[in-house]
There are 2 protein chains.
Amino acid sequence: MPDANDRLTYRDIKADIMARIQNRRWGPDQVLPAEVELAASYGCARATVNRALTELTDEGILERRRKAGTRVRAAPLRAARFEIPIVRRQIEEAGAVYDYRLISRAECRADAEPRLGGVFAAGEPLLHLHCLHLADDRPFQFENRFISLAALPQARDAAFDHLGPNEWLVSAVPYSEVEVSFLALGAEAPVTTQLGVEPGQALFCMERTTWWEGRTLTNVRLFHLPGYRMTTRY
Amino acid sequence: MPDANDRLTYRDIKADIMARIQNRRWGPDQVLPAEVELAASYGCARATVNRALTELTDEGILERRRKAGTRVRAAPLRAARFEIPIVRRQIEEAGAVYDYRLISRAECRADAEPRLGGVFAAGEPLLHLHCLHLADDRPFQFENRFISLAALPQARDAAFDHLGPNEWLVSAVPYSEVEVSFLALGAEAPVTTQLGVEPGQALFCMERTTWWEGRTLTNVRLFHLPGYRMTTRY
DNA sequence: GAGTGGTCTAGACCACCCT
DNA sequence: GGGTGGTCTAGACCACTCA
């Protein structure tokens, strides 16, 4: 019995269904009434119920199969959504002054580091950049980036001394396919000197690889200061 | 020009719009035609276009405001979805045999560790558990958990020697509110001995705090082996 | 004020897949 | 075979917010 005389929205229905699940009126693995029945009992159109149920399914609370019906997931399949921050915006939103420095810029081949073997085509020419992102003049994030010169030859003409490679890439090739990983790495040179941390210190690292039409464009490892964490609620 | 004579689905329309954005036919910050016009040009109902545009907005590609219309986000707001794994299922899906061991079980107060101050109510009685999750008899994940005995007194009666606390909690209080963090921590005792790693070794850690009706139920830190990473694509 | 997206309705057809 | 969810349609009203 959710609302009063007013018409129900799909949000009301979502909330009501969620409440029934939390109250155990609809327990784990239990099959819910069919959409038509729910629509009748809520006094609304089937499409409205459908939207509520579809969203709860996307959120991992329900499980739906044609003919089998809708049931409450016994172990809710929880998925956390993390916004992938753009470092400049991240720093500025924290009220600090963003600054950027290019530390080094060199060309190399894809076999320079063993881990690049699985990322780029063998022997492909790469641009290798080390960059530092600062918040209020203090190191905030160290960037170790490789850009494929085979896929993006125009990167050779970009200096990257004032515009960071991320912002350059977003304007050159937005909306590409991306793989993101979070991992923990012990600090090694040159991260240690740039971030001012001890060797071996545990650092939170975000690694990102970007493709465009099947070709690897860039791979980057972003190293954060000790204590950094990514957080979300659900 | 997406399909042939067949009726268009909202997926076709999504794909077509995405393609136009990638081809720069609709560049960054450009305003798209209104829903009614798109519907006319695709030869379908407005609701179908609406669903496509709504999903692209949720995915961070578009930005919509009433009256202002729909525009292409200049810097696509990317959000990555990570499934929060249940360790037993994670191990079994990798084709390994799951095993669980309770390492220690003790009662303490919320001031036992300084970091618990911000999580539990001051001085609250807690159950402190150390657990090990194994894959094929090898350590896979170390669990350092605190459970509020004020909020969950029935935890006192659970032995946790065969059923892990996560599975116990899921059956006791499913569908609660959760905050998840990913962070990097240097290994310390007792993690070092349980996972068999050197002190200071960088470990990927997932921390999770769970509430129910405003009270903190549990806080857990899950430590993974070196090299562990969480990955997703978008 | 007026144009846009947000949502609901009532009806329909179909694909899937359980029994 | 038949019941279920997935999707589309055509129309409608409303809330927001820009100019």
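Keep in mind that this is a model prediction, so the values were computed, not measured. Here is how names work: the chains are called A, B, and so on, in the same order as the sequence lines, proteins then strands, and each is numbered from 1.
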Exercise. Under 4.0 Å between a side-chain N/O of Y10(B) and OP1 or OP2 of dC8(D), yes or no?
Worked result: no
Under-3.5 Å N/O pairs linking protein and nucleotides 12-15 of chain D:
residue : atom : partner : partner atom : Å
dA12(D) : N6   : R46(B)  : NH2          : 3.0
dA15(D) : N3   : R66(B)  : NE           : 3.1

Exercise. What does A34(B) touch in the nucleic acid at a heavy-atom separation under 4.0 angstrom: a base, only the sugar-phosphate, or nothing?
Worked result: sugar-phosphate
Exercise. Is there a donor-acceptor pair under 3.5 Å between the side chain of T216(B) and the backbone N or O of F120(B)?
Worked result: no
Exercise. Taking DNA chain C as the partner, which of residues 68-76 of chain A come within under 4.0 angstrom of it by heavy atom?
Worked result: A68(A)
For this session: Please confirm whether the backbone N or O of G27(A) pairs with a side-chain atom of Q30(A), one donor and one acceptor, at under 3.5 Å?
Result: yes
Exercise. Is the backbone N or O of D29(B) less than 3.5 Å from a side-chain atom of R71(B), with the two atoms forming a donor-acceptor pair by type?
Worked result: yes
Exercise. Taking CD from E35(A) and P from dT7(D), how many angstroms apart are they, rounded to a whole number?
Worked result: 11 Å
Problem set entry | T9(B), nearest nucleotide to its side chain (from dT9(D), dT7(D), dA10(C)) | dT7(D)
Problem set entry | Residues, nucleotides or ligands: over 12 heavy atoms within 6.0 Å of R138(A) CZ | no
Problem set entry | Earlier contact from the 5' end, DNA chain C, for K67(A) and A47(A) | A47(A)
Problem set entry | Least distance between heavy atoms, L225(B) atom then P139(B) atom | CD1-O, 3.3 Å
Exercise. Between R64(B) (CZ) and dC18(D) (C1'), how many Å, whole number?
Worked result: 16 Å
For this session: Return the value, rounded to whole Å, for the distance between atom NZ of K14(A) and atom P of dC8(C).
Result: 12 Å
Exercise. Rounded to whole angstroms, how far apart are CG on D12(A) and C1' on dG6(C)?
Worked result: 14 Å
For this session: Using a cut-off of strictly less than 4.0 Å, decide whether R65(B) has a side-chain nitrogen or oxygen near OP1 or OP2 of dT17(D).
Result: no
Exercise. Taking C-beta and beyond as the side chain, do R88(A) and N166(A) meet within less than 4.5 Å on heavy atoms?
Worked result: no
For this session: Could you tell me if the ring centre of F82(B) sits under 6.0 Å from that of F82(A)?
Result: yes
Seminar exercise, completed: Here the distance between atom P of dG3(C) and atom CD of E37(B), to the nearest Å, is 12 Å
Exercise. Out of curiosity, T70(B) OG1 to R65(B) CZ, how far, rounded to the nearest 0.5 Å?
Worked result: 10.0 Å
Exercise. Which word best sums up how the rings of F204(A) and Y228(A) line up, parallel for under 30°, tilted for 30 to 60°, or perpendicular for over 60°?
Worked result: tilted
For this session: Measure the acute angle between the ring planes of F160(A) and W168(A), then classify it against the limits of 30° and 60° as parallel, tilted or perpendicular.
Result: perpendicular
Seminar exercise, completed: Numerically ordered, the residues 48-56 of chain A set in heavy-atom contact under 4.0 Å with DNA chain C is T48(A), R51(A)
Problem set entry | Pair R89(A) + E83(A): basic N to acidic O under 4.0 Å | no
For this session: Nearest whole angstrom, please: distance from the P of dT17(D) to the CD of E63(B).
Result: 13 Å
